Structure formats: structure tokens, C-alpha cells
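Predicted, not measured: the structure shown is a model, and the values here were computed from it. A, B, ... follow the sequence lines: proteins, then strands. Residue 1 opens every chain.
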Amino acid sequence: MSEPLSSQYDPAQIEAALYHQWEERGYFHARADQVLHGGADPYVIVIPPPNVTAVLHMGHGLNNTIQDVLIRWRRMQGREALYLPGTDHAGIATQNVVERQLAAEGKTRYDVGREAFVERVWKFVDETGSTILEQLRAIGCSCDWTRTRFTLEPDLSRAVRESFVRLFAKGLIYRGKYIINWCPRCLTALSDEEAEPAETQGRLYHIRYPVVGRAPVGAATLPDGRAYVVVATTRPETMLGDTAVAVHPEDERYSALIGGRLLLPLVERELPVVADDYVDPEFGSGAVKITPAHDPNDFELAKRHDIPSLDVLTPDAHMSDDVPAAFRGLDRFEARRRIVAALGELDLIERIEDHTHSVPHCYRCDTIVEPRLSEQWFVRMKPLAEPALAAARNGRVRFTPDRWTKVYEHWLENIRDWTISRQLWWGHRIPVWYCRADGCGHVMAPRTDPAACAECGSTAIEQDPDVLDTWFSSWLWPLSTLGWPDETNDLRAFYPTQTLVTAPEILFFWVARMIMAGYEFKGDAPFSDVYLTGTVRDTQGRKMSKSLGNGIDPLEVVQLYGADALRYTVIASVGFGTDVYMDPDNLDATFSPGRNFSNKIWNAGRFALMNIGDEPVLTLDAVRPDLETADRWILSRLAAATEDVTRQLEAFRFHEAAESAYHFFWGELADWYLELIKPRMQADAAASSRAAAKATLVHVLDGALRLLHPIMPYITEALWLRLPVPAGVDREESLVVGTWPAAGPRDEDAEAQMDALMELIGAVRTLRSEYNVPAGSHVPVHLTNPAPALREALSVEERALRRMARVNDVTVNGGADGMGAHAVLRGGTDLFLPLAGVIDVEQEKQRLGRERDRIEGQLRATEARLGSEKFASRAPADIVAKEREKADSLRDQRDRLDAKLRGFG
RNA sequence: GCGCGCUUAGCUCAGCUGGUCCAGAGCACCUCGUUUACACCGAGGGGGUCGGGGGUUCGAAUCCCUCAGCGCGCACCA
């Protein structure tokens with residue numbers, strides 16, 4: 001309290017020390033026993049676990065700031081607030097990183113072997129895995145670090161095992177051979193969600209397949225006389241795996257061919273022509289080549305017609321040995337070129353047209369995904385989806401913004417089974433063992449690793465080599481982090497959680513599946529609110545990404561402007577679920593709102609502390625009789641702000657909450673109240689007035705800092721700790737665990753008076769500015785017919801007018817003669833500034849004339865409305881009365897302006 | 001193609017159940033300013049036919065229809 005504060009806020013000086021202190025004192029630690037036995041109401045947010053390899057980016061900055069705002073706010077409201085941190089093992093991503101390291105050494109994972117490879121990944125994770133969690137500390141996240149979890153740690157792995165075993169036993173996990181999404185670079189299966197469609201400019205190749213045997217009458221023919229049928233494809237290389245051609249059963253063009261055969265060019269294999277209503281006769285030629293091993297629709301059709309599959313691609317998407325020698329071993333795209341060329345030479349290309357279609361890409365490495373026939377493990381989703389769907393429909397889980405509800409429902413309504421096996425080494429090994437004993441073939445998924453076959457006792461058992469999708473552990477996150485499958489105190493106290501904050505991109509990947517898992521394994525949704533954030537973009541609207549180099553490093557921002565500036569800027573930029581735009585090339589401009597506001601808070605606080613001095617401060621109650629209009633006004637405004645900020649936070653309207661607190665602090669407290677009380681702080685002011693001002697100031701500053709604390713924890717705490725404590729008040733030891741303010745009563749009188757006074761001051765300032773009255777000079781003011789509120793305000797706050805508008809004399813109802821500037825205030829008050837010599841008569845006449853016309857326009861519109869028969873008869877009485885009042889007031893203002901104008905002659 | 005959403009000042013967004021909204025904020029812009037908290041500041045100012053058209057209503061930025069543009073989700077017809 002005694003050491004002087006610098007005139008510029010320096011966040012670096014205070015942030016790290018404060019965070020350390022908060023953490024050390026255990027403020028972030030949530031106590032299960034308080035909930036179970038102490039009657040505390042829990043408020044829990046589980047962090048969307050970042051990849052263990054991740055480095056903090058603005059997306060995290062946005063998400064985690066929002067989470068922390070909610071947590072800090074609820075903690076102040078007295079909730080047992082748990083912000084549960086952790087990371088996930090990110091199977092593909094992490095494995096990719098280590099594989100790249102190996103590649104730099106000229107090795108592959110197969111060279112080092114599975115065990116050594118996994119060991120190496122662990123080593124990497126142990127060294128770098130906590131980076132992002134450290135970074136979350138830097139932006140002020142009040143996580144309960146004693147509960148930090150990792151999806152691949154033993155407890156959470158046990159949860160994964162348990163969930164698998166249960167679903168397996170219920171028949172909800174099965175193995176089968178289907179077309180799945182395959183990444184030829186990652187060499188693993190992907191779920192549908194992991195294959196992201198992207199609009200791609202492709203081509204549609206129309207290829208002639210010659211007819212075998214007798215051609216239908218009138219069929220097109222090749223130069224050699226053979227008839228042919230045209231099929232269209234975007235992927236000519238797959239034709240080598242064609243095993244049929246399909247047409248629509250009612251397509252007359254081809255009815256004669258059904259049951260006949262075509263000759264597959266280049267391969268010279270005969271293909272049956274089958275009829276199936278899957279075929280759309282309108283598209284392309286109406287004849288479809290069928291490649292069951294490389295297209296899901298073809299696969300289904302082939303099953304219906306008992307057509308064999310032929311896989312012509314290797315796992316890394318090269319042509320397999322099952323194709324003609326000329327194409328063997330070629331990369332899929334090279335094969336496409338050569339096949340098209342070869343067909344061209346045979347005159348079998350009818351035409352090639354441009355064709356835009358969406359092509360699935362691997363969400364981890366962006367490689368074009370291959371639909372591939374392979375044996376994988378799946379989760380049967382339909383039964384799991386039902387309660388998750390009901391949860392959205394009955395409001396158990398609410399989505400904010402609400403429009404995501406439909407997206408969620410639609411996905412669940414059309415849910416497809418989930419491919420959960422991954423051909424990776426880093427992850428939870430699938431807990432399935434196959435008995436290899438002759439004639440047994442038992443498949444088992446036990447809770448503990450078996451030594452022998454449960455069916456035949458043979459020890460010739462083998463565990464499935466694959467691992468599970470990372471999301472198969474993430475979907476348990478709210479459960480597993482709290483101890484499930486054990487009925488721990490944490491689980492009992494903190495499940496279900498309250499709010500989940502995440503990006504819409506993982507609504508299906510993660511959010512929907514967590515809800516399914518919550519119901520399946522614990523019988524309840526894992527949270528009640530899902531807040532979906534927007535995306536952080538650059539000024540051109542591009543998503544920030546490492547590869548584009550348009551990212552912003554939150555740590556750099558923290559270093560430059562402080563965590564509070566980062567947090568405030570982010571929160572204030574976050575429209576309701578809208579994207580956030582930031583300029584990576586101009587951090588100064590981007591973060592100026594937060595930086596400037598921090599500095600404003602700092603200086604307002606500094607001013608208050610300097611003026612309060614060492615004199616003891618009284619409680620508000622002790623000075624109640626001495627409160628002046630300005631005091632009552634700011635207290636009323638604090639009440640309004642408190643109510644508003646609270647309401648906005650409840651509705652997840654972060655931008656509005658921030659704006660509301662900002663406007664109160666800057667626009668009301670700093671701009672007006674601090675100015676109003678300056679004279680009262682001086683030594684020559686009346687002691688009672690000074691005491692009232694100081695008590696009010698301390699109270700209001702205390703409230704304002706509390707309202708801002710969830711958004712800007714550091715600066716608010718730093719100032720608050722220095723704020724003097726009124727005698728007899730027992731204060732909390734930190735804002736972190738301080739109480740959230742309750743809105744006090746509003747004071748309509750004080751607000752009306754101050755509104756009138758502020759309007760008057762504003763009007764005088766405007767006139768001064770219009771007439772270029774030198775800033776330093778003081779002017780007299782004449783008021784005629786002041787409105788009651790203004791009259792009252794002036795009786796107590798005239799000196800405010802003098803100070804803030806540079807006025808040296810105030811005359812009421814009299815002396816308003818001569819040349820000067822005029823204005824009419826609300827409530828009909830006439831304002832006159834005698835500016836003889838300064839004033840330009842013509843200019844003033846024009847100015848007043850414009851004002852008069854504006855008022856006249858409004859008046860006419862209002863009178864027209866009132867004059868309308870229909871309005872009078874159909875509009876509600878109170879609206880009509882309001883309009884009448886408005887017309888009266890406008891008429892009065894116009895008349896006064898007319899009178900003034902007449903005065904100019 | 002189906003579904004959802006958006007289109008308000010130069011930019012990013014508010015505007016909740018139609019009536020002081022002939023529309024607000026922040027940033028940007030212009031003018032003035034060294035009044036002892038802050039120039040990361042203060043004072044003042046300019047700027048919008050609320051995407052186009054139509055309708056409902058006494059009254060629409062706000063409700064309905066339609067068109068256009070953009071975005072998202074889903075499905076992909078090879």
C-alpha cells in the first residue's frame with residue numbers, strides 16, 4: 001500500500017508471483033468432501049484435453065479463457081469449482097512426431113520394433129508432454145493441477161479397458177470386414193469423422209467398356225465393330241478392380257444388357273451387368289462400374305448381387321500385384337495417368353469432363369483417404385445414440401448457441417457405426433485375444449490379460465495388434481478423470497459436470513460421444529451445458545494454423561501486454577458463438593482493447609489509492625447519511641452493472657459481460673465518478689463529504705474489481721489487495737476466493753439527476769467545441785426553465801458543472817440576453833452560453849435551424865402516428881400515452897428553438 | 001442436393017418476447033487538448049436507405065415469403 005505505483009501497468013511484475021501464490025494457497029483445489037458432506041454446490045468444467053504434443057495457440061487461448069472465466073466466476077459465487085486439466089495421447093499425431101524424429105535418423109518404426117518405439121514415444125511425452133499445461137498457467141487458468149490427467153495413464157487406461165469389455169460383452173463392439181476410411185500415409189483406418197471432405201476439382205472420365213457377345217440393336221460401336229457401354233468414373237485407377245457394371249433395372253437403354261457381360265479394358269476380364277436401383281439413370285451414362293473393394297456403395301451393391309471383391313491397392317496406395325504388369329507398384333495417381341493414357345490409345349475414352357466433388361482427406365495429415373476393404377473393430381452406435389438424442393430433445397443437455405442442437409441431433413439421427421481400431425502402436429492396445437488353437441477360434445475381451453483361452457484352455461492365444469482410436473478414451477474423459485470405473489469420492493461429488501466449452505469441430509468426435517458414454521456407463525449426461533466457441537481467424541478470415549504461419553502465440557501476447565490484456569481482448573471479441581478475428585501482423589492493434597483497459601484500471605486504481613491515502617476508510621453504512629448524489633449515483637450504477645454482468649455470464653454472453661463491466665469501469669466510474677469526487681478528496685473539503693466519497697470509492701472499486709476478476713484476474717487482484725479495508729470489516733484474503741457481488745438497490749432519483757447533469761455538461765462541452773472556445777478558458781452558463789432533476793442536481797453538484805465543463809458562473813432563469821450559443825436539453829431546459837464576440841451569428845442560426853428541423857421531423861412523424869385513426873384505436877393505451885408525451889416534449893423543444901431563432905432576428 | 005445459420009457504420013459485432021431503435025459499442029477516422037490517475041489519456045465530431053424485393057401489422061432492423069451473397073453441418077450421383 002505504501003510503495004508508489006508506476007503510471008504504466010507492468011503485468012510482468014505481478015502475474016507470475018500472483019499465480020504462484022494462488023496455486024500454493026490451494027485456491028484452485030476443489031474438495032470433494034465439501035460437496036459430499038459440506039453442502040457445497042459443485043461447478044465443474046473438464047478441459048477439452050489438448051494433444052500431449054500440442055503447443056498453445058489462440059484456439060486454446062480462446063477456449064481456456066472462457067472456461068476460466070466461468071470457473072472463476074462460479075468459484076466467487078461460492079460454488080465448489082473444479083477446473084479439471086489434462087492431456088490426451090493423440091495417437092496418430094504423437095506417433096507421427098516420433099516417426100518424424102526416427103526418419104531424421106534414417107529409420108522407421110519397424111526398424112526399432114514396437115516395444116522400443118512405444119518406449120521412445122513415452123520418453124518424448126515425459127519430456128515435452130506438460131508444455132501446454134504450463135502454458136495454460138501463463139494465461140491464468142485456475143485449474144486444479146492436483147487432478148491433472150492423461151488419457152494413457154494407468155487409471156484412465158483401466159477405464160478404457162472397462163468400457164471396451166462392457167460394450168464387447170453387450171455385443172456393441174464387433175469386428176467385421178467393411179469399406180473403411182484408410183489413410184495411406186498414416187497406414188491406419190480412420191473413423192468417418194476423421195475423413196474430412198474437401199471440395200476438389202476433379203475429372204469425370206467416360207470410358208467405353210466393350211460388350212461381350214451379341215450387341216443390342218442400335219448400340220454404339222467401336223471402329224472394330226464391337227458394341228460398347230460407357231461408364232463414368234472420377235477414379236479410373238480403380239477400374240482395375242471392377243468386378244461388375246450396374247444399371248438401373250428400368251433403364252431401357254440397357255435392359256437388353258442385364259445379365260450379359262462387358263469386357264473390362266486393359267485387364268480383359270469379363271464383368272457381369274447387373275440391375276440395381278441404386279444406380280441413378282440420370283447421372284453420367286447411367287451405367288456404373290462396380291469396384292466393391294474401393295467404394296462403399298459398390299461394396300453394398302456387390303453384397304446384394306453376390307459379386308466378388310478385388311482389392312487392387314496396397315496399404316500405401318500403390319497398385320497391387322492383382323493388376324496387369326504395366327501398372328503394378330505404381331502410385332495411385334500415377335496409375336490413373338497411365339491408365340487414362342492407355343485407354344486413350346485404345347480409343348476407349350469417350351470424353352473427359354471437369355467435375356467438382358468432395359474428396360475425403362485425413363484430418364491429421366491431409367492425405368487423400370482411400371476407401372478400403374478391411375477388417376476392423378466397430379462400435380454399434382444406434383443404441384448408444386438414443387439416450388444422447390433424448391438428452392438434447394428434453395433439455396438435459398443444452399447447446400449454446402442453440403443452433404448446434406440441430407446439428408447434433410441430425411448427426412445422431414443418422415449415426416453410423418464407429419471404426420475404433422487403428423493400425424498404430426501408440427495408444428490403448430485393443431483388449432481382445434484370439435485363440436489360435438485348432439478348431440477353437442474363440443475371441444475374448446477380458447478385464448485382465450488372459451494366459452489361456454477361456455474356451456479351450458489353450459495358451460496359443462494372441463492379442464489383437466491394433467490400438468484404439470484416441471477418441472475411444474476421450475469419450476470417457478468426464479468419467480475417467482474423476483475415477484470411473486471406481487465409485488470414487490470425486491466421481492460422486494463432481495459427476496455429472498456442468499459446462500463443457502469446446503470448438504464445434506469436435507462436436508461429433510468428442511462431445512456427442514461423451515454424452516453417449518455418460519449415459520452408457522453412468523446413466524447420466526456428463527454435463528448440462530455445451531458452449532461452442534467460434535474459430536480464431538486472421539484478418540482475411542483464414543483459420544489460424546501453423547502451416548499458414550498466420551497464428552498468434554498467446555505467450556508472446558502475455559509477454560507484451562499481460563495475460564489480462566489477452567483475456568479481456570479475447571473475451572470482448574467473442575460475439576455470441578461467432579468467430580474471432582485477430583491480426584497476427586499487428587498485435588498492438590489487436591490487443592489494444594485489453595492493454596488499454598488494463599492500463600485504465602491500473603491508473604484508476606492508482607488514483608484512488610493515492611487519494612484515499614492512509615486515512616482510515618469507513619464502511620458505506622457508516623457514511624450513509626452523508627452520501628451525496630454522485631455517491632448514490634455510482635452505487636446505483638454499480639448495482640446495474642452487477643446485475644447485468646451476472647445475467648450476461650449466466651447466458652454465456654461473454655462479450656456483453658465484458659462490455660458491461662468495461663463501460664461501468666471506464667465510462668462511469670473513471671470518466672465521471674472519479675472526476676466528480678476530485679474536489680471532495682482534497683484536504684480543504686468537508687470531512688464528512690470526504691469520508692463519504694472515500695467510503696463510496698472503496699466500495700465501488702471493490703465491486704468493480706470483483707466484477708472484472710474472472711476476466712482479468714491479475715490486475716484486479718493486485719489492486720484489490722492494496723485497497724484499504726474499512727474499519728470493522730473482515731475481508732477475504734484474495735479475490736480468487738472472494739465473493740461475487742450481489743446487486744444492490746437502484747437509486748432512480750440519483751440516476752435521473754446525474755443523467756441531467758451529464759447531459760448539461762455534454763451540451764456545454766459540445767457548444768464550446770463548436771465555437772472553439774479555448775480549452776483553458778471558463779465561460780458563464782445561463783439556464784432557463786431547468787427540468788426538476790437538473791435543478792436538484794445543480795443544487796448539489798454545481799461545482800461538478802464548473803469543473804467538468806469549465807464554467808465560471810451559473811445563472812438560472814435570468815440574464816440570458818445577447819449573443820451566444822443555444823441548446824435545448826431534454827425536459828425542456830434552455831441552455832445559453834453568452835459568447836459575444838466568439839459567436840458567428842450565421843453559424844449559430846444554421847446550427848439551431850438544423851437542430852430545429854431534426855426535432856420538427858420527429859415531431860411530424862409522431863403527430864402523424866397520433867393522428868392516425870387506426871393507431872389510436874388499435875395500439876395499446878400506454879404506447880399511445882407515451883407517444884403523446886413524446887409529441888409534447890418535441891413540440892416544446894421545437895417551440896423553444898423557434899423562439900431562439902426569432903431572437904436572432 | 002438436403003438441413004441450419006448469417007448479411008446492421010471503413011472493420012468486428014450488440015440490438016433479448018415487434019413500439020424513445022429516424023439504430024448502439026469497440027476499433028479505425030477527423031478536430032482540439034501538456035486541467036497534478038492514465039497520451040495505453042481527455043473533450044468534441046463525422047459516418048449506417050439495418051443485403052434486394054414483397055407481405056403481415058396502427059407500427060418491423062426485429063415476424064412471414066422470396067431472391068442474391070457468404071458460412072456451417074450432412075449426404076455424396078459413380
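One interatomic measurement links the two molecules: CZ of A:F665 to P of B:A25, which rounds to 20 Å at whole-angstrom precision. Whole-Å rounding puts the A:L587 CG to B:C40 P distance at 17 Å. Rounding to whole angstrom units, CD1 of residue A:I179 and C1' of B:A78 are separated by 14 Å. Remark: P of B:A28 and CZ of A:F591 are 15 Å apart, rounded to the nearest angstrom. Rounded to whole Å, atom P of B:C16 lies 11 Å from atom CD of A:E656. Atoms CG (A:L674) and P (B:A37) sit 10 Å apart, rounded to a whole Å. Between A:R653 atom CZ and B:A25 atom C1' there is a gap of 15 Å when expressed in whole angstrom units. To the nearest angstrom, C1' of B:U20 lies 16 Å from CZ of A:R891.
Under a 3.5 Å cut-off, the side chain of A:H294 and the backbone N or O of A:V312 do form a donor-acceptor pair.
Closest to the A:F508 side chain, of the nucleotides B:C40, B:A78, B:G73, is B:G73. Nearest nucleotide to the side chain of A:E659, out of B:A37, B:A25, B:A78: B:A25. Considering only side-chain atoms of A:W404, the nucleotide from B:C72, B:A75, B:A78 that sits closest is B:C72. Nearest nucleotide to the A:H410 side chain, out of B:G19, B:C74, B:C27: B:C74. For A:W411, counting side-chain heavy atoms from C-beta on, the closest listed nucleotide (B:G19, B:C13, B:C74) is B:C74. Checked against B:C38, B:G73, B:A78, the side chain of A:V279 finds its nearest nucleotide in B:A78. Closest to the A:M610 side chain, of the nucleotides B:A37, B:A78, B:G19, is B:A37.
The residue A:P876 sits close to a base: some heavy atom pair falls under 4.0 Å. Using a 4.0 Å heavy-atom distance criterion, A:V288 is classed as a base contact. At a threshold of 4.0 angstrom between heavy atoms, the contacts of A:E885 with the nucleic acid are absent. As judged by a 4.0 angstrom heavy-atom cut-off over every strand, A:D295 is placed among residues making no nucleic acid contact. A:R765 comes within 4.0 angstrom of sugar-phosphate atoms only, judged by non-hydrogen atoms across all strands, and of no base. A:W602 comes within 4.0 angstrom of nothing in the nucleic acid, heavy atoms only. Among the protein residues, A:A572 comes within range of no part of the nucleic acid, since none of its heavy atoms lies under 4.0 Å from any strand. Base engagement by A:K600 is indicated by at least one non-hydrogen atom pair under 4.0 Å involving a base atom. At the heavy-atom level, A:R806 lies under 4.0 Å from base atoms of the strands shown. Among the atoms of the strands shown, only primed sugar atoms or phosphate atoms (P, OP1, OP2) are found under 4.0 Å from some heavy atom of A:H655. Within the nucleic acid shown, A:R647 has no heavy atom closer than 4.0 Å to any nucleic acid atom. Note on A:N611: nothing from the nucleic acid sits closer than 4.0 angstrom, heavy atoms only.
Around CZ of A:R803, the count of heavy atoms belonging to other residues, nucleotides or ligands within 6.0 Å exceeds 12.
With both ends at atom P, the span from B:U35 to B:G19 equals 45 Å, rounded to whole Å. Separating the P atom of B:C74 from that of B:G55 is a span of 39 Å, rounded to the nearest Å. Remark: the separation of the P atoms in B:A39 and B:G47 is 31 Å, to the nearest Å. B:C50 and B:A23 have their P atoms separated by 11 Å, with the value rounded to a whole Å.
Across all strands shown, B:C63 forms a Watson-Crick or G-U wobble pair, both distances under 3.5 Å, with B:G55. Judged by Watson-Crick or G-U wobble contacts below 3.5 Å, the nucleotide B:A78 has no partner. Both distances falling under 3.5 Å, in either a Watson-Crick or a G-U wobble arrangement, place B:C4 opposite B:G71. When both distances must be under 3.5 Å, the Watson-Crick or G-U wobble mate of B:G26 is B:C11. Of the nucleotides present, B:G33 is the one that pairs with B:C41 by Watson-Crick or G-U wobble criteria, both distances under 3.5 Å.
Considering only side-chain N and O atoms, A:W666 lies under 4.0 angstrom from the phosphate OP1 or OP2 of B:G42. Within the 4.0 Å cut-off from OP1 or OP2 of B:G45, at least one side-chain nitrogen or oxygen of A:T766 is found. When the side-chain nitrogen and oxygen atoms of A:N596 are compared with OP1 and OP2 of B:C41, one or more of them lie within a distance under 4.0 Å. Of the side-chain N and O atoms in A:K678, one or more sit less than 4.0 angstrom from OP1 or OP2 of B:A37. A sub-4.0 Å separation between OP1 or OP2 of B:A78 and a side-chain N or O of A:H355 is present. The phosphate of B:G3 has neither OP1 nor OP2 within less than 4.0 Å of any side-chain N or O from A:R403.
Side-chain contact between A:D295 and A:I179 is absent, with no heavy-atom pair separated by less than 4.5 Å. Annotation: side chain of A:L757 is in contact with side chain of A:I761 (closest heavy-atom distance under 4.5 Å). Taking 4.5 Å as the limit, some side-chain heavy atom of A:K289 sits within range of a side-chain heavy atom of A:T238.
Comparing A:R235 and A:N414 against RNA chain B, the residue whose closest nucleotide sits nearer the 5' end is A:N414. For the pair A:S573 and A:A604, nearest-nucleotide mapping onto RNA chain B gives the more 5' position to A:S573.
Taking the centre of each ring, A:W602 and A:Y9 come in below the 6.0 Å mark. Here the two rings, on A:F509 and A:Y363, have centers that are under 6.0 Å apart.
Classified by interplanar angle (parallel below 30°, tilted 30° to 60°, perpendicular above 60°), the ring pair A:Y408/A:F399 is tilted.
A donor-acceptor contact under 3.5 angstrom links the side-chain atoms of A:E675 to the base of B:A37.
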(request) Give the intermediate values and the outcome of side-chain hydrogen bond (donor to acceptor under 3.5 Å, both in side chains) for residues A:H206 and A:E353. (result) CA-CA 8 Å; A:H206 296 256; A:E353 53 192 20; 3.2 Å; yes
